[in-house]
Colleague: 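Questions regarding the structure given below will be posed in turn.
For this chain, numbers begin at 1 and follow the sequence in order. Just so you know, these numbers use all the heavy atoms, side chains as well, and skip hydrogens, waters and symmetry mates.
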Amino acid sequence: MAAPQNESELSTIPFSQQLKSFGSVYWIANWMELVERFAYYGVRVVLPVFMVAAYEKGGPELTQIQKGNIYAVWAVVQSFIPILSGGFADRYGYKLNIALSTVLKIIGYLIMGYTVMLAESLAGVPLREAFETNADGTRIRTDHAYEIFFLGAMLLAFGTAIFKPGVQGLIANQMPKGSASLGWGLFYQMVNIGGFIGPLLAGYLRILEWEYVFLACAGGIALNFIPLFFFAEPARPDDAEAQTGPAALLYRALSGLLEPRLFFFTISFAGFWLMFYQLFDILPNFIDDWIDSRAAAAWLSGIFGESAVPTTGGNLTQEWMINANALLISLFAFGVGYLTGRMKSLTAIIVGIGVSAVAIYGLGMSMSGWWIIGAIGLFSVGEMMASPTKMRYLAAIAPPGREGLYMGYVNFTVGIGWSIGSIIAGHMYQEQGDKVELARRYLVEEKLATAEELASISKNDLLPFFEKTVGVDAWETRNILWERYEPQSMWLVFTLIGVGSMIAIMIYNKVVTAAAANPNHSFNTRGGFWVNAFLIPICLIFIGANIYSARSVGESGEVVWGMPSLGLLLNAMFFLMMLAVSFVGEKPRADGKAPV
């Protein structure tokens, strides 16, 4: 592997000259990314609320744990497949990857959008009637809404996984030397322009009908077929690797992750992504349950008019609040990219993680909508520093002709953090964050109702029952449960994980800097040993986590064994595959020299 060429970091080329250096294919690829992100985030931002929405509100009424499990598998598919499909993008062409992904994503959007209709067709009754009651009064669902939604989500995840290395590899292929920081900053800006427009539209459409969101996004992504007719497939190096068969490409993809710098960077950075994805997976539910954004809604209504601002119960929709993230990045990403081009990649990443961690902690400090929007804004600054820089760092160390493969490696660190974080967040929010579940617990603890009585009350009717029984309104209900159960405390957990990731990157930075200055450094000469020294415990931890997730205790205290979390199982399998590959062939050195 080639050693980094100073990562193309400290660019001194004038801004205007860098901007003119980008060719037409670079801009076409950015346009396709914008369209794809419009559709993806238009759906993505409504999903956390849609998945757990009550039957009466048009949702499939999944639990937070089910939602977390879906996201965990989604993360593995969407993030780990590019590690393998990146090599195929280099081998078989970027355009084919993009076209295939578009077909899969359209099907996925439609299945998810019509989950309730499909599940009711299979069950033969409305979802609220599709259950059986056990002897103890426990209600068991008999519909297949979870399985149907899961299928749609996996098609979308797989389509996105194929799209990512295709378009990112195409951009890396077209990136001018000396303009990488600005180029990736512009790319990230396009990501967030699309990511801003999609949720903006979704905030309106979901108030009308959930299905409208999915239809609009399916139609939007179909537009990506058009640009494929307007440029030729870029030339790819005609070297031995380009002629390698599929099995060898898969082996190279796995063995490439064992390169010491790549391995330790991805593992260290994973904590940031665990923290990052809570902004999109849990914060929507947190806003919906706990945040008072009436003041923000009133301010926007005074500017744009009441009919132009979507609200629910007087609150600004969570889609619009979270969209502050995409708005800020779409406006300032290229500028931050230009400024971070004068910083070392790892320095920019470390500072970005630190800023983001402060913002994540801030999410739990107030129930004010304005405060939450401010925290989202601060998080966006950290994200602009850390996220696009990861692509610049890995693109700089990618050997010529393997840009698609290395853009796939970008997603490995994302997948680890996102998948594990989804499982943690799903259980945490179900037990200490979901307002309906906390209201149910309060009524039982205060002996105002029995668990059996509450089991017969639908999710949609539980909070009105709470308000009537306790004698409070909706806002007083929120305050009582907030003070009693402190749902905001979960943000401290995610903050600490982010800080841990920042410290790990700092240690990694110190080690690779020392290794670059000393060819005989242990990281260079025994890098493979150090990879295995960490990889083996990681595998053991995942095996233990799978055993723990498969174990439960029955009503009589006996141990009951079931299936482990699929997300954890897939993570364990992937790391075990890496471990197996690490014992086959020569171990790579961190400095790119021949193995010893």
Side-chain angles (χ1 to χ4, degrees), residues 38 41-59 61 113 195-217 279-328 330 362-364 366-377 379-380 429 433-436 439 459-464 466-467 472-482 487-488:
F38 158 82
Y41 278 109
V43 162
R44 188 70 171 78
V45 74
V46 305
L47 286 184
V49 175
F50 170 69
M51 281 194 274
V52 301
Y55 301 134
E56 293 84 352
K57 294 181 179 179
E61 201 171 304
F196 171 73
I197 299 172
L200 196 68
L201 178 63
Y204 286 111
L205 295 180
R206 73 101 148 179
I207 293 176
L208 302 175
E209 291 288 346
W210 291 109
E211 290 87 349
Y212 292 167
V213 177
F214 297 89
L215 285 172
C217 293
L279 197 78
F280 303 100
D281 293 352
I282 286 298
L283 183 58
N285 302 103
F286 186 77
I287 291 174
D288 218 43
D289 281 338
W290 304 107
I291 302 306
D292 181 358
S293 59
R294 289 175 293 179
W299 183 78
L300 288 172
S301 296
I303 297 175
F304 301 108
E306 288 188 13
S307 60
V309 179
T311 59
T312 54
N315 276 323
L316 188 64
T317 60
Q318 60 87 12
E319 291 89 350
W320 271 45
M321 291 183 66
I322 294 175
N323 217 17
N325 170 260
L327 174 62
L328 291 171
S330 64
L363 291 172
S366 173
M367 289 187 285
S368 164
W370 280 120
W371 179 271
I372 297 298
I373 291 172
I376 292 171
F379 182 91
S380 304
Y429 202 78
D434 188 285
K435 187 162 65 175
V436 172
K459 181 175 184 177
N460 191 59
D461 295 333
L462 196 285
L463 288 177
F466 180 96
E467 294 162 15
V472 294
D473 63 18
W475 299 106
E476 291 171 322
T477 296
R478 183 200 61 171
N479 292 334
I480 289 172
L481 298 176
W482 176 278
Q488 74 277 17

Colleague: Between CD1 of I372 and CG of L283, what distance do you get to the nearest 0.5 Å?
Modeller: 6.5 Å

Colleague: Taking all atoms of both residues into account, what is the closest heavy-atom pair of I291 and S366, and its distance?
Modeller: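 Here I291 and S366 meet closest at CD1-O, 3.9 Å.
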
Colleague: Scan for salt bridge (charged side-chain N to carboxylate O under 4.0 Å, His left out) pairs involving residues 202-211, sequence neighbours excluded, and state none if there are none.
Modeller: R206-E319

Colleague: On a heavy-atom basis, which atom in G195 and which in P199 lie closest, and how many Å separate them?
Modeller: O-CD, 2.7 Å

Colleague: Test of understanding: with side chain to side chain contact (heavy atoms under 4.5 Å, CB included), list the residues that count as partners of I197, not counting sequence neighbours.
Modeller: F38, I193

Colleague: Working to the nearest 0.5 Å, report the span between CH2 of W370 and CE of M321.
Modeller: 9.0 Å

Colleague: Looking only at heavy atoms, which two atoms of A202 and G42 are closest? And how far apart?
Modeller: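 Minimum heavy-atom separation between A202 and G42: CB-O, 3.2 Å.
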
Colleague: Please determine whether side-chain contact (heavy atoms from CB on, under 4.5 Å) holds for the pair N479 and M367, giving the CA-CA distance in whole Å, both sets of side-chain angles, and the decisive distance to 0.1 Å.
Modeller: CA-CA 9 Å; N479 292 334; M367 289 187 285; 3.4 Å; yes

Colleague: Does any non-hydrogen side-chain atom of K459 lie less than 4.5 Å from one of V52?
Modeller: yes

Colleague: For W290, give me all partners under side chain to side chain contact (heavy atoms under 4.5 Å, CB included), at least two apart in sequence or on another chain.
Modeller: F286, Y429, K435, L438, R478, L481, W482, P487

Colleague: As a quick check of understanding, evaluate side-chain contact (heavy atoms from CB on, under 4.5 Å) for V309 and L316, giving each step before the final call.
Modeller: CA-CA 8 Å; V309 179; L316 188 64; 3.5 Å; yes

Colleague: To the nearest 0.5 angstrom, please state how far the CD1 atom of I322 sits from the CG atom of L327.
Modeller: 14.0 Å

Colleague: Side chains of residues 43-50: which donor-acceptor partners sit under 3.5 Å, not counting sequence neighbours?
Modeller:
| from | atom 1 | to | atom 2 | distance (Å) |
| --- | --- | --- | --- | --- |
| R44 | NH1 | Y71 | OH | 3.1 |
| R44 | NH1 | D281 | OD1 | 2.8 |
| R44 | NH2 | D281 | OD1 | 2.5 |

Colleague: Before giving the answer on side-chain contact (heavy atoms from CB on, under 4.5 Å), spell out for T312 and Q318 the whole-Å C-alpha distance, their side-chain angles and the decisive distance to 0.1 Å.
Modeller: CA-CA 9 Å; T312 54; Q318 60 87 12; over 6 Å; no

Colleague: To the nearest 0.5 angstrom, please state how far the CG atom of L363 sits from the CD1 atom of I376.
Modeller: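 Rounded to the nearest 0.5 Å, the CG-CD1 separation comes to 6.5 Å.
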
Colleague: Test side-chain contact (heavy atoms from CB on, under 4.5 Å) on N460 and Y55; report intermediate values, then the result.
Modeller: CA-CA 8 Å; N460 191 59; Y55 301 134; over 6 Å; no

Colleague: Between atom CG of L328 and atom OG of S330, what is the distance when rounded to the nearest 0.5 Å?
Modeller: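 Reported to 0.5 Å precision, the distance equals 7.5 Å.
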
Colleague: Would you say the side-chain atoms of N323 pair up with the backbone N or O of F196, donor to acceptor, closer than 3.5 Å?
Modeller: yes

Colleague: Considering non-hydrogen atoms only, spot the tightest contact between A297 and G314 and give its length.
Modeller: CB-O, 3.7 Å

Colleague: Does CD in E306 sit with more than 12 non-hydrogen atoms of other residues, nucleotides or ligands closer than 6.0 Å?
Modeller: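 12 or below, so no.
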
Colleague: Partners of N325 by side-chain hydrogen bond (donor to acceptor under 3.5 Å, both in side chains), sequence neighbours excluded?
Modeller: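 If we apply the side-chain hydrogen bond (donor to acceptor under 3.5 Å, both in side chains) test to N325, skipping adjacent residues, the hits are S380, E383.
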
Colleague: Do F466 and V472 touch side chain to side chain, with heavy atoms closer than 4.5 Å?
Modeller: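 When only atoms from C-beta onward are counted, V472 and F466 do touch, with a gap below 4.5 Å.
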
Colleague: I'd like to check the side chain to side chain contact (heavy atoms under 4.5 Å, CB included) partners of Y204; sequence neighbours left out, ordered by chain and number.
Modeller: A308, P310, W320

